[in-house]
Trainee: 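So that we are looking at the same thing, I have put the structure below in structure tokens.
A note on names: the letters A, B, ... follow the listed sequences, proteins ahead of strands, and every chain is numbered from 1. Just the heavy atoms: all of them, side chains too, but no hydrogens, waters or symmetry mates, feed the values below.
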2 protein chains.
Amino acid sequence: MMLPDGKKTARQRLIIAELALSPTVRTSALAQQLGVSTETVRRDIEELTRQGLVSRTYGGATGRQVGMQPEFANREEEAVAERDAIAWAAVALVRPGDVVMIDSGSTTARFAQALAAREVPVTVITNGFAVAGAFRRNDLFRVMVCPGQFIAREQGVYGSETCSFLQRFFADIAFIGASGLTDEGPTEVETEACAVKRTMLARAERRILLIDFSKFHRRHFEVVCPLSVLSDIVADRVPEGTLAERLSENGVTFHAGISGETATSTP
Amino acid sequence: MMLPDGKKTARQRLIIAELALSPTVRTSALAQQLGVSTETVRRDIEELTRQGLVSRTYGGATGRQVGMQPEFANREEEAVAERDAIAWAAVALVRPGDVVMIDSGSTTARFAQALAAREVPVTVITNGFAVAGAFRRNDLFRVMVCPGQFIAREQGVYGSETCSFLQRFFADIAFIGASGLTDEGPTEVETEACAVKRTMLARAERRILLIDFSKFHRRHFEVVCPLSVLSDIVADRVPEGTLAERLSENGVTFHAGISGETATSTP
DNA sequence: CAGATTTTGTGGAATATGCCACAGAATTTG
DNA sequence: CAAATTCTGTGGCATATTCCACAAAATCTG
């Protein structure tokens, strides 16, 4: 077994160090600097990318966007491409002027960034800091943040204050995330998060679940709501088997955001 | 002369938008997505690079390392040593079990980090994201975040929702920041921020202003409150002249946090 | 409307990178 | 010490990107 301190580790540490200085590094430059072949550097970068420590680019690597909580940031890295696809597909569902409720979470935060980037004027109500933070242009967006108890792990607020605050509003459209999706509906680990999601769903005309396919058929502690409550689901892959059947049975419109393209299947 | 709204501008905006989502973009992908030639995209990227908005890479571009709001991040950097001194001096005023209200701002955020590092169990009520984010250990701290309209520049929430929420609580101690401090009292640029500070002061038994000496005698748009409202001031230098007189006249205890040591002068 | 200016597309040669497979080197393991 | 495993370098070929120069197209100006 290789101890975690060989030439390789030293090299990879240096790559990360370099990345802290410059936004991007090039494979060729690193190879020269480190006195190894470009292939070796490429392999290092591949490995670091798998660990989510850097992002591979054509000809080099780039560092992660820092500034977020590590745990939260890790989850962000997990499946960037998938989440981007979902985010962009979901943005298409928002109309200018809508009042949009957005749940706290990494998938929804990504969606918020996409929505902000599109510069569609909307009013946002959210319990997530990362979601609120995405809307930097206060001239274009009105962002209302819920009160509640701050949970660092989720980078958002939860609790009875949050829910009773949400009750006071009515939204055109609500976007929520979940830890799993089963025949019975979306499932969640956190009970408090569940309550917030339920409240948002109850206060919105259109109720959309954003979820990546890796969570299909995953059962967690609590069911957020029956499938029939949802009006749409945006995911990066088409569900199969009973899940697909139940979706169409319950009149849930499915939108697939698959790396760039966007398909929609209405039941 | 070209008006600032051609196809070109739209394209470049989209490139930046894309970069907000993904850490890197590739020229080829953008060309396809935008329906233009790779040469055009390259020229756009060159131009954006000259403007310092993106970094050119081999085969594409990468965004500037962001994460926080540039202004906020800069302000954080401005005077770390001074603020640390203030923060540590202020932490000494907090007793275990206190309910603490903390205003949004860079000085108060620093204070929050110091307080969190001390691991004194407290309940925190704040309107600042950076303040809330400092308390990562949810087992030690209970952090309540106010509702309100999110202002990106301040990384916090403001407005009537914020104030009426605060009214519902009573705190042992409140910490606020300010843009200036004059004989008449602390002054602020933002009216909305003023209202929040005033409400916090009204709901707390001990009312403490955290401010660095560079803001002494600085008069801004609005006066937050008369000096007599404050119970304590923590700064990194002893005020002089009329300001010092008025402070003792109004029974305000002054605490000096000067790079490590902490002195207190009671009137 | 015509001329001037800016912007964009095209083609090709030079250069860089990616990827693959295999062999040699280094290290670990028994 | 020898076998096994892991790590690294090399060579070649396919693919991508850069850079340049020039022409076509779009846009602005008077």
Side-chain angles (χ1 to χ4, degrees), chain A residues 1-64 77 79-82 84-85 119 258-261, chain B residues 1-64:
Chain A
M1 193 54 176
M2 187 73 170
L3 286 169
D5 167 73
K7 293 174 185 170
K8 193 169 126 188
T9 319
R11 245 185 2 245
Q12 300 190 349
R13 258 207 289 267
L14 208 144
I15 292 176
I16 292 179
E18 201 64 30
L19 229 27
L21 296 174
S22 168
T24 64
V25 289
R26 291 184 57 165
T27 309
S28 52
L30 283 172
Q32 209 173 337
Q33 187 177 339
L34 296 165
V36 295
S37 72
T38 59
E39 268 302 304
T40 304
V41 174
R42 187 194 322 294
R43 283 161 184 154
D44 284 337
I45 291 177
E46 262 180 34
E47 208 171 315
L48 291 169
T49 301
R50 272 199 302 275
Q51 294 171 35
L53 296 172
V54 309
S55 297
R56 194 180 185 287
T57 69
Y58 193 99
T62 181
R64 294 189 337 190
E77 282 304 320
V80 179
E82 288 76 4
D84 273 357
E119 304 198 342
I258 302 167
S259 33
E261 8 167 5
Chain B
M1 193 56 180
M2 189 68 173
L3 285 168
D5 167 73
K7 292 172 185 173
K8 192 169 127 188
T9 319
R11 245 187 0 246
Q12 300 189 348
R13 255 207 292 266
L14 211 142
I15 292 176
I16 293 179
E18 201 65 31
L19 230 28
L21 289 176
S22 175
T24 64
V25 289
R26 290 184 59 165
T27 310
S28 52
L30 283 173
Q32 210 172 338
Q33 188 178 338
L34 296 166
V36 296
S37 72
T38 59
E39 267 302 305
T40 304
V41 175
R42 187 197 320 295
R43 285 161 183 153
D44 285 336
I45 290 177
E46 263 179 30
E47 209 172 315
L48 291 169
T49 301
R50 273 198 302 275
Q51 294 171 36
L53 296 172
V54 308
S55 299
R56 193 180 184 289
T57 69
Y58 193 97
T62 180
R64 298 185 337 187

Trainee: Would B:Arg42 and B:Glu46 count as a salt bridge (charged side-chain N to carboxylate O under 4.0 Å, His left out) here? Give the steps.
Mentor: CA-CA 6 Å; B:Arg42 187 197 320 295; B:Glu46 263 179 30; 5.6 Å; no
Trainee: Using a 4.0 Å heavy-atom cut-off, write out nucleotides 9-20 of chain D from 5' to 3' as B (base contacted by protein), S (sugar-phosphate only) or - (no contact).
Mentor: BB-----SBBBB
Trainee: Output the rounded distance in Å from CZ (B:Arg11) to P (C:dT6).
Mentor: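 Going from B:Arg11 (CZ) to C:dT6 (P), I get 16 Å.
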Trainee: Mind calculating the distance between CG (A:Leu30) and C1' (C:dA16) to the nearest angstrom?
Mentor: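 In whole Å, C:dA16 C1' lies 15 Å from A:Leu30 CG.
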Trainee: If the condition is salt bridge (Lys or Arg N to Asp or Glu O under 4.0 Å), which residues does B:Arg26 pass it with, not counting sequence neighbours?
Mentor: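 Scan of B:Arg26 (salt bridge (Lys or Arg N to Asp or Glu O under 4.0 Å), adjacent residues dropped) gives none.
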Trainee: Enter the distance from A:Ile45:CD1 to A:Leu30:CG here, rounded to the nearest 0.5 Å.
Mentor: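 Rounded to the nearest 0.5 Å, the CD1-CG separation comes out at 6.0 Å.
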Trainee: Would you find more than 12 non-hydrogen atoms of other residues, nucleotides or ligands less than 6.0 Å from A:Gln32 atom CD?
Mentor: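 Not more than 12 within 6.0 Å, no.
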Trainee: For A:Val54 and A:Ala61, which heavy atoms make the closest approach, and how far apart are they?
Mentor: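 Smallest heavy-atom distance, with atoms named: CG2-CB, 4.2 Å.
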